[in-house]
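Order of the sequence lines fixes the chain letters, A, B, ..., with proteins taken first and strands second; residue numbering starts at 1 for each chain. Fair warning: this is a prediction, and the values are worked out from it, not measured in the lab.
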Amino acid sequence: MRPHVGPGRLLRLQLRLWASSSRQWLFSVGLMPDRDAAALGYAYAFYALALGLLWIGSSWGALVTLTLEVARAMPQAVGQGLGRSLPSLFGLGLVVLSVLALLGMPLHLSGADVAHVGGARVSRRMLAILRFLPAALGAAAIALPLGTVLAVLSTQSPRHYLVAMAVLLPLVVGAYAAYWAIGLARLSLGSRLARAALWLIPLALLATLALHAGLALWPGQLFAQAALHGTVPQADLTAWLALGLILMLGVAGFVDWTRLLDRSLRRNLLRAIDAGRRWNPAIAAQQRRAAILSRRRPYLHLPTWQGPSLLMARGPLARLRYPPSLWGLVRAATIILGGLNLAIFPVRGDAWLLWLLLVFVYPPLALVEDFQMDTDPLWHQFLGLDPLRLLLWDALLPAGIVVLAGMVELLLLHLAAGAALSAFLLLLGLVALAGLSQAVGAAGGRRARRIPLPDLLPAAVGYGLFALVGVAAHAVLLAALLLLAYSALLGRVLADRA
Amino acid sequence: MFDSATPLLSAKDVRYRYGAFEALRGVSLTLERGELVALVGRNGAGKSTLLRCLAGWYQLEQGTVENGAPRSASRVVLVPDTPSFYAELTAWEHLQFISQLHGRTPWQDEAHRLLATLGLAGHEGAYASSFSRGMQYKLALAVALLSRPDVLLLDEPFGPLDALSSEALYKELRRFAAEGGGVLVSAHQMPQAVVPDRFLLLEDGCFLVEGSAEELMQRYGLAAVSGEDLLRAALGEGLETP
């Protein structure tokens with residue numbers, strides 16, 4: 001007799017799963033202190049979380065403002081045309097969802113789930129609803145900004161976008177429930193032919209859309225009415241939501257448990273391999289690089305120079321032997337020069353938000369790529385250089401290339417002498433900040449009872465200073481001096497880590 | 001010049017913790033010139049942590065580590081169990097890089113000898129990142145030996161090596177010790193050919209037993225001492241033979 005796992009235990013499992021994945025996400029973005037964190041570590045985590053929420057709030061405002069500006073710049077006919085297309089666009093979204101449901105697997109069990117409930121009697125409906133709710137909220141988080149953009153663009157005003165969002169939420173949850181129902185049907189149907197027949201669903205939806213009628217257009221029309229006229233068709237929304245949920249829960253009761261376990265185990269295996277790539281792209285890139293290089297014969301040679309100058313030769317040799325790594329340098333230069341341009345030219349106040357996002361998503365790591373490898377304890381012990389001197393040798397060439405690119409741009413801009421000097425100093429400040437803030441994080445190492453200062457903090461403070469003084473206040477020279485002073489401070493911190 | 005009476009490495013009351021877990025609880029040891037010492041213990045006993053503390057990779061929470069002279073580069077060198085390499089450099093260039101960085105000449109003959117001894121001859125021109133785990137360990141060891149340290153700390157060197165390679169490595173370590181170096185090798189399994197001068201048994205972050213092979217054979221009534229025998233006898237737990 002298999003043990004029974006009731007709703008309470010399933011809920012506890014789900015809560016633990018959420019807590020664990022939240023911790024993992026928060027830790028990976030620097031918001032979660034590690035287990036031996038001191039009070040300051042937690043204080044920083046709250047500070048960073050508050051900043052993150054502030055960033056989300058201001059980004060939302062910026063999204064609405066920018067969309068409104070684009071909408072007002074558009075001819076009225078385009079907006080009206082878009083408004084008329086909203087039902088069809090929503091219908092197309094349903095077609096895409098149904099195809100995704102047939103390719104993917106909405107309900108699955110993690111390794112821990114399999115261990116806990118794999119051999120037990122479990123209410124499939126309870127399991128489905130517990131897994132469905134967070135997934136549907138995730139889908140809504142993607143759909144709501146998209147819906148806002150469409151609502152503002154089609155009305156060319158922010159009048160009804162809040163109503164449109166309120167209507168979109170149940171619409172998305174209902175549509176997502178239908179998506180789950182199709183996915184669950186794949187796990188329920190025993191015959192291969194019956195499973196193949198499910199492909200008729202997207203085809204039927206597409207055909208209905210092409211005929212411009214029926215169920216496929218109905219939910220989209222509800223959204224269009226809300227976006228264009230601010231009306232909330234409560235009865236229809238309730239019906240749509242109920243239809244989706246009933247369909248999903250109905251199918252969930254027939255899920256083949258063995259097939260679910262089998263597919264989940266296979267999926268977990270593949271995800272474990274993929275997780276490395278997702279959580280640590282640097283390691284994955286390293287593995288890819290090693291795999292590509294192992295198929296090639298080495299060309300060029302390490303020069304016979306003596307002393308630390310050899311460090312300057314190793315970087316270019318590495319990049320010439322593996323040219324894709326040059327892309328990182330191009331990206332670093334683009335981001336740094338992008339920041340410089342933000343400060344030089346009076347641009348829209350919102351643009352720095354996008355730049356800040358870019359600088360954190362794609363940090364200019366190319367400046368410290370060699371330094372990171374050299375601070376690996378195995379090699380650092382042979383090099384015999386303190387971290388600051390090591391950074392100077394390692395980053396001199398890539399930083400020099402970025403500065404050179406910036407100088408070329410400044411020359412082409414024909415700025416007045418004073419402005420050119422300020423801009424040049426700011427360029428130096430940005431390059432120094434990019435290198436030192438990353439290096440301070442990279443050379444952190446493991447220290448007993450050290451307050452675990454998140455690697456992002458030095459960069460966050462530096463780029464924040466730049467955005468505030470250089471971009472918002474448009475004080476280029478002051479921003480340059482501040483960044484150079486802050487970089488000197490980071491240099492001191494790095495030197496102290498010897 | 002060093003005073004021969006001064007130990008090459010001496011650690012006193014070394015403590016280290018990972019969060020709430022105390023990995024090392026007041027460990028003291030000395031390593032003399034010409035000595036080859038085996039650090040044995042079960043998984044999680046604290047062997048790797050101790051080696052990292054001795055090499056200065058981890059900052060001590062408490063205690064001192066002295067290496068008989070003002071600290072300079074490469075005096076104490078640790079080769080971890082999974083070394084990483086510069087992806088775009090060949091095996092030979094790794095040796096060249098470290099030698100030339102310190103302005104050492106000539107280094108080529110010694111590098112050739114080390115590669116031949118460790119069974120890497122013929123692989124000089126290949127990228128080190130394409131090597132197997134055993135070959136990577138041998139290369140890291142060759143780099144370490146070429147850097148001419150006084151103390152060599154090796155974390156699980158015999159794990160990835162075959163029996164012949166383990167024997168060759170042991171001979172090379174003996175040669176290094178005979179030239180005045182000190183070697184501390186961690187292992188939970190010690191090949192039969194390896195006979196250290198002294199055993200240190202680490203359990204739960206502190207030394208449980210210490211002594212030469214002869215002393216331990218007498219103490220526990222063993223015909224020969226290997227890491228496993230010592231573990232089994234000292235812990236008295238009847239550990240299963242792997």
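Side-chain contact between A:W379 and B:V143 is present, with heavy atoms from C-beta onward closer than 4.5 Å.
Both the backbone and the side chain of A:T304 come within contact range of chain B, judged by heavy atoms closer than 4.5 Å. Heavy atoms closer than 4.5 Å to chain B are found nowhere in A:R319, neither backbone nor side chain. The parts of B:A144 that come within reach of chain A are both its backbone and its side chain, each placing non-hydrogen atoms under 4.5 angstrom from that chain. Heavy-atom distances place no part of A:D370 under 4.5 Å from chain B, backbone and side chain included.
Heavy atoms from other residues, nucleotides or ligands lying under 6.0 Å from CZ of A:R296 number more than 12.
Using non-hydrogen atoms only and a strict 4.5 Å limit, the part of residues 80-100 of chain B facing chain A consists of B:P80, B:P83, B:S84, B:F85, B:Y86, B:A87, B:E88, B:L89, B:T90, B:E93, B:H94, B:Q96, B:F97, B:I98, B:Q100.
Closest approach of B:L101 and A:L310 over heavy atoms only: N-CD2, 4.1 Å. Heavy-atom minimum distance, B:Y127 versus A:P298: OH-CA, 3.3 Å.
The candidate from A:R297, A:R321, A:H301 with the greatest count of non-hydrogen atom pairs under 4.5 Å with chain B is A:R321.
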